[in-house]
Each structure stands twice: as C-alpha cells, then as structure tokens.
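A short worksheet on the structure shown next.
Just so it is clear: chains get the letters A, B, ... in the order the sequence lines come, proteins before strands, and each one is counted from 1. As the structure is a prediction and not an experimental result, all values here were calculated from the model.
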Number of protein chains: 2
Amino acid sequence: MGITERKEREKQELKQHILDAAMALFMEQGYEKTSIRNIAERIEYSPGTIYLYFKDKADIFLELHTMAFEVLFKHLAVTKEIKDPMERLRSLSQMYLKFAIDNPDLYDLMFILREPMEALDHHCGWEEGFKNYDLLRDTVLEAMEKGMIKKEDPDVISLAAWSLVHGLASLWIRKRFKMLPEEAVKPLVFKAADEICSRLKEGI
Amino acid sequence: MGITERKEREKQELKQHILDAAMALFMEQGYEKTSIRNIAERIEYSPGTIYLYFKDKADIFLELHTMAFEVLFKHLAVTKEIKDPMERLRSLSQMYLKFAIDNPDLYDLMFILREPMEALDHHCGWEEGFKNYDLLRDTVLEAMEKGMIKKEDPDVISLAAWSLVHGLASLWIRKRFKMLPEEAVKPLVFKAADEICSRLKEGI
DNA sequence: TTGACAAACTGAACACCGTTCAGTAAATTT
DNA sequence: AAATTTACTGAACGGTGTTCAGTTTGTCAA
C-alpha cells in the first residue's frame, strides 16, 4: 500500500510541478511562449510526458485559470470587512480594477482567453466564476435591502457592475483606449467606476 | 503610363482579393483557421506572395479590423436620426450589444484580438476607434448640456457607458456568464444596459 | 531470485504555423 | 533581341500541439 500511496503522491507532485512551470512561463513571457515544449524544457521532461498528466494544453490552462481565481478571490475577500454595502461595492470595483491593471496576464487568463473555457465545457460548472460573482451579488442585494440602491433584479445590477469594471479592465489591457491621452487613461478608468458607483446610490 | 496605372490597379485588386479571402475565412472558420497558408490557398497563390502585399499577418488583421469598424459605424450611424440624446444613448447601447452578439467574430476583431493593435503601433492613430467613440461622446455631451445627465467630465461618463456595453458583450462572447441560466443571460444583458441608461437619467 | 508485466518516459513523426529567400518565369525597358 | 525588373513559387527555417512505437524502470507473482 505504501508503494501505491507514494506513486499517487509523486503523480500529484509532478502534475503540480508542471502547473507551476506553466504559470511561471506564462507570467514571465506571456501566452505565446507558454508552449508544451517550453513547459517540458522547464521541468526537464519530454513533451510527450505532459500528456500523461493532462488531456491537452487547454486542460493545463484551465488549471492555471483556477489558480488565478484563487489569487483574485483572496485579493477581493478583504472587502468582506467593510460593513457599508455601498462602500464595499465601491471598494470591490476599485480593487478589481487595480488587480486587473497590475496583473494583466492573470486577468487575461480568467476573463479573456478562450482556452480555459474550452476545457471547462467538459466539466460541470464554473465554481471560480460563481464565487467571485457571488461576492458582488451579495453586496448589491444588501445595498438594495438597505434602500441604498433602488430595487431591481439583483442580477441586472450585478451584471452591470461587473461588466462596467470588466469593460474598463479589458479595454485597457487590450489597448483600446488609444483615442485618449495615454497619461489620462488610468485615472479616468478608476474615476469612471467610482462615478457610476456614486450615481447608483443617488438613484434611490 | 497606361502600363503603370494598370499595374497599380492590379496590385490594389489583388490586395483587396487577399483581404476578402481573409475576411471570408475568418467569418467562416474563425481566427485559428485564418492562416497565411489557408488564405493563399483560397486565392490560389503561394504563401510567399502575400508578403509582397502585406508586411505580416498582423497587418492583414489590422485591415480586417478597419473593415469591421466600417460595418459597425454604418450600423450605429442610424442613431444620429434620434433627436433626444438620452433616447439616442439608449438606442446606441442596445444596437451596439445586438451587433456584438450577432457578429461575435467581427466584434472580436475590433475590440479583443491583440494582433490588429500590434500592427497599429506602427501607425499614427486609431481613427476607427475615434469615430465610434465620438458618436457616443457627442451624445453624452448633448445630454449633459440639456441637463439630462448630471454634469461631469464627458470622458468619464462616455468611458463608463462604453465599458458597460463592451463588458456585457465581451463576457458573453468569451462565455463568462456560465454562472447564470443560459436562457436568461441574453435578455439580462440587454436589460442591464437599459437599466443603467435609465438610472443615468434619474441621477440629475 | 527471476521472469513477466505494467508504468513511465523519450523523442521523432505528423500536420500545422509565420516568415524568408534563392531560383524561375513573365513583363517591361532599352 | 537582350538586359533588367517585377511577380511569383515553394521549400527551408524555426516554431506549434499531439501522438505513438520503442525503451527503460519499477512492481508483482511464481
């Protein structure tokens, strides 16, 4: 039995080793350079070995996607300390934007790249997306219950809030704010999110 | 001189032929299948020929990007007929979303893919983005001047409005709304944009 | 202890990719 | 008609994801 346990442990360790190498490559050199051959070279195995541990490259990126969501959730979870739901909403949106701008590769992995979702189609749900969405949705619901946001289907407002910050983040990451002066864009991005939070409150 | 003019005309015609083939491939089979070899096969030339007309693949995608923006602009320009700026804003956002959802590949080309912007970095500006952004910004400015939207830097509100609909569109296209029931998502997307437009008005 | 079998791994093959370029054919110029 | 220029070819180069026949190592049963 010891042999079986040791082999299973070694298998999990090598799997995690592969993922750590993939993440390191991705963070250092971006998506293009995170190839199966480069990952294999980094862990000093042959490219074929990787297919003993993962179905395909999309499978690897789904795991990286999940790892990235854990980082994001930890980052955002500190907002749970904030009692005022409107203040928490504002803080959530500002921290979300800061995370996206500071970690464009991780953000890409979670919310823009197709590959993780291609692999996900073979699984049941998207727990990672759920957790982070619920953080937002619970805040919106509480603000409505306290009369701080005019009542409406919470999914409508939550989707709008998430889409606003996702839109700001992804247009920034994909360099689609070129029509504005470069040095003005970043503060504008944060201010836009802030201003809409303010107006959400005033619309009682 | 006739020879020179004919040769120049033939050059432009082949260039457009290449672009039409690329666009057809892209619309039919997506980005992955729109390779230089596949484009070459479609126009019945060698892959090397394409490099006599375009610097590289990113250059081709920049042209496709521009072609896509012309389609979008035509689509949105009909809103100029609407006199009420708030009604125009609402219409702009709904039509933008409908366009994105009906044409996910064209949308990808304009607002998500990196490649066109990589080629663009060698050029001066992004006229395409400007034209469409100005349509929105002019509408927001007029609504402010008429007291329909509370006064603020128009770029703040314009960025927020654009980011909201871009966020809705791109999260939908990249399948990041999996935490919601599939049949509920589409109406929710349109409703979220509509609801925020309404609330922008109420925040006088 | 040994042979049989299973597991783990290798690395080249396959079909694909973007880009370059030496060689060729056709068109143009002198 | 010969020289030169232009347009094009298609293989080479270095890369990609994935598969698999062959090899090595580890485990198990006799």
Side-chain angles (χ1 to χ4, degrees), chain A residues 1-19 21-22 25-26 28-65 113-119 121-122, chain B residues 1-19 21-22 25-26 28-65 113-119 121-122:
Chain A
M1 296 336 138
I3 290 172
T4 306
E5 285 156 0
R6 175 188 51 76
K7 288 176 74 173
E8 182 57 34
R9 186 176 63 251
E10 282 177 354
K11 186 176 180 179
Q12 291 308 317
E13 280 168 6
L14 185 46
K15 194 166 180 168
Q16 190 58 51
H17 192 42
I18 293 168
L19 290 173
L25 268 170
F26 183 77
E28 288 162 21
Q29 307 180 34
Y31 178 78
E32 297 296 312
K33 290 291 187 181
T34 312
S35 62
I36 295 292
R37 281 178 178 76
N38 285 348
I39 296 168
E41 199 178 327
R42 179 69 68 104
I43 60 174
E44 298 177 313
Y45 279 75
S46 275
T49 305
I50 293 177
Y51 292 90
L52 299 177
Y53 294 86
F54 295 95
K55 178 174 175 292
D56 53 19
K57 191 181 180 188
D59 203 12
I60 294 174
F61 271 87
L62 176 56
E63 298 276 353
L64 299 192
H65 173 95
L113 275 181
R114 290 186 192 280
E115 210 152 6
M117 311 314 278
E118 279 163 12
D121 279 342
H122 304 87
Chain B
M1 297 337 140
I3 289 174
T4 305
E5 285 156 359
R6 175 188 51 77
K7 288 176 72 172
E8 183 56 34
R9 185 177 62 253
E10 281 178 353
K11 185 176 181 179
Q12 291 309 316
E13 280 168 3
L14 185 45
K15 193 165 179 169
Q16 189 59 50
H17 192 40
I18 292 167
L19 290 174
L25 268 171
F26 183 76
E28 288 162 23
Q29 306 180 34
Y31 179 79
E32 297 296 313
K33 291 290 186 180
T34 311
S35 62
I36 296 291
R37 282 181 175 75
N38 284 348
I39 295 169
E41 200 179 324
R42 181 68 70 104
I43 59 174
E44 299 177 310
Y45 279 73
S46 275
T49 306
I50 293 178
Y51 293 90
L52 298 177
Y53 295 86
F54 297 94
K55 177 173 175 294
D56 54 18
K57 191 183 179 189
D59 201 12
I60 293 173
F61 271 88
L62 177 56
E63 298 276 354
L64 298 191
H65 176 93
L113 276 179
R114 290 186 193 280
E115 211 152 6
M117 311 315 277
E118 282 164 9
D121 279 342
H122 304 87

Does the side chain of Ser46(A) get closer than 4.0 angstrom to OP1 or OP2 of dT10(C) through an N or O atom?
yes

Could you give the CD-to-P distance, from Glu8(A) to dA6(C), as a whole number of Å?
19 Å

May I ask you to say what Phe54(A) touches in the nucleic acid, namely base, sugar-phosphate or nothing, with a heavy-atom cut-off under 4.0 Å?
nothing

Looking at every strand, decide which applies to Leu14(B) at a 4.0 Å heavy-atom threshold: base, sugar-phosphate, or nothing.
sugar-phosphate

Would you say Thr49(A) reaches dT10(C)'s phosphate, i.e. side-chain N/O to OP1/OP2 under 4.0 Å?
yes

Given atom OH of Tyr45(A) and atom P of dC9(C), what is their separation to the nearest angstrom?
5 Å

Side-chain contact check for Asp56(B): nearest option of dT19(C), dA8(C), dG17(D) is dT19(C)

Between Tyr51(B) and Arg37(A), which has a closest nucleotide on DNA chain C that is more 5'?
Arg37(A)

Ionic contact status for Glu32(A) with Arg114(B), cut-off 4.0 Å:
no

Between NZ of Lys57(A) and P of dT16(D) the distance, given in whole Å, is 8 Å

Could you walk me through whether Ile18(A) and Thr49(A) satisfy the side-chain contact (heavy atoms from CB on, under 4.5 Å) test, starting with their C-alpha distance in whole Å, then the side-chain angles of each, then the deciding distance to 0.1 Å, before giving a yes or no?
CA-CA 10 Å; Ile18(A) 293 168; Thr49(A) 305; 5.8 Å; no

Under 4.0 Å between a side-chain nitrogen and a carboxylate oxygen: does that hold for Glu5(A) and Arg9(A)?
no

Can you tell me if Asn38(B) touches the phosphate of dC16(C), counting only side-chain N or O atoms and a distance under 4.0 Å to OP1 or OP2?
no

Nucleotide dG11(C), atom P - distance to CD1 of Ile43(A) in whole Å
14 Å

Distance in angstrom units between Glu32(A) CD and dG14(D) C1', rounded
15 Å

Whole angstrom is fine here: how far is it from CD in Glu115(B) over to C1' in dC17(C)?
12 Å

Can we say Glu41(B) and Arg37(B) salt-bridge, meaning some charged N sits less than 4.0 Å from an Asp/Glu carboxylate O?
no

In terms of the nearest nucleotide of DNA chain D, which residue is placed more toward the 5' end: Ser35(A) or Lys11(B)?
Lys11(B)

Can you identify which nucleotide, out of dA7(C), dT29(C), dC17(C), has its nearest atom closest to the Lys7(A) side chain?
dA7(C)

Measure the distance from CD1 on Ile36(B) to P on dT19(C) and round it to the nearest whole Å.
6 Å

Measuring to OP1 and OP2 of dC9(C), would you say a side-chain N or O of Tyr53(A) lies under 4.0 angstrom away?
yes

Grab the CD1-C1' distance between Ile39(B) and dT9(D) for me, whole Å please.
18 Å

Test item: side-chain donor near acceptor, Glu8(A) and Gln12(A), under 3.5 Å:
yes

